[in-house]
Amino acid sequence: MTDQVKKLAPEIWKVIENATRILLHFHPNPDPDSVGSALAMAHALRGLGKTVTVIKGDSPMPEYLSFLPGYETITPKSYLEIDPTEFDLFLMLDISQPNRVTALGEVKFPSTLKTILIDHHISAEPFAELNLIAPEYPATAQILYDLFSEWGIKLTAEISACLFMGIHSDTGGFKYQGTTKDTFLAVATLVVLAPNFTDLVFQMENNKSPAQLRYEGLALSSIELVGGGRVALVVLSQAQLATAGIRYEDIQGMGIANHLKSVTGWEIGATLIESMPGVVRASFRTRDAKRFDLSKIAVALGGGGHPAAAGAVLKMMVTEARELVLKNLLQSYDGLST
Ligand SMILES: [Mn+2]
């Protein structure tokens, strides 16, 4: 546990203790760290007698995580579809910027709503009243594990399953750089309480649809090498996806960029996928985060993320997005040539 988490734990606890109606949400395109963290927090807070609402946020319900305990309690609304004055605390987890609350409109917090941010993204902005930003942690779920321990919250099977999935996912199954001995120590405790963890992982990793496999094929056959052969780039337009019978909602979070950087010499994997006309989702992954800190290019493009994994949403045509990303890649990093 870092000194910062230890120091802020009692301050956050004080705000939670005084709150009665607490709001939680998922970030757009929610990953298991977003969903697992919010559901784990919801279980913990309900155990304390709090009234908790978890909204799904901007994206459709994350059905691929429907096996997580508490999934059935999710309210299928975005932040713009609720009345925030009905809550006295908004606990924002695993998000780095207000546009991760909602990107569908302006984010306004009523003066009666206390706000707390708990996140592990290096690019996180402290936009809440109380901010715990801990980039030393590989997952928000692992920060929550430490907070729950500081708060004396008894871990249940439900909490443990949710935290486990968040940590497992954001560490790439305990193999990304941010994974530490503390990750394993936390997980050792969690799997005692959630002994079905291999079933959870199986359910998450083996539920692909035919469209997803077709998308993998399309993406892998569209690879072009740029930046002197060190950047593997996949650019797909709405028209290409439509021709192949692929809807964006079927393929979000597929992680093709991760796949690209698995080739020796392809230092950066980048995907630019047009999710709807004029909206391009850029995703970046690298084999060498020390040389290619991807949060740099993501921030330059108005997005965010981690040194090894980052992304941005570009509101422009896919051809313009390609030019902009190429320009920024060459500007951001030495050793890439045209
Ligand atoms: Mn996360």
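When a ligand or atom number is given, it counts from 1 through the structure's own listing order. Note that these values count all heavy atoms, side chains included, but never hydrogens, waters or copies made by symmetry.
For Lys114, the NZ atom sits in a loose shell: 12 or fewer heavy atoms of surrounding residues, nucleotides or ligands are nearer than 6.0 Å.
Within the 2.8 Å limit, Asp94 places at least one N, O or S atom next to the Mn ion (ligand 1). Counting backbone and side-chain atoms alike, Asp33 contributes an N/O/S atom closer than 2.8 Å to the Mn ion (ligand 1). Checking His121 against the Mn ion (ligand 1), every N/O/S atom stays at or beyond the 2.8 Å cut-off.
Relative ring orientation between Phe127 and Phe109 is described as parallel, the plane-to-plane angle staying below 30° on a 0-90° scale split at 30° and 60°.
Inspection of the Tyr137 and Thr183 side chains reveals no N or O donor paired with an N or O acceptor under 3.5 Å.
With the Mn ion (ligand 1) as the vertex, NE2 of His120 and OD2 of Asp170 span 90° to the nearest 10°.
Aromatic ring centres of Phe174 and His168 lie closer together than 6.0 Å.
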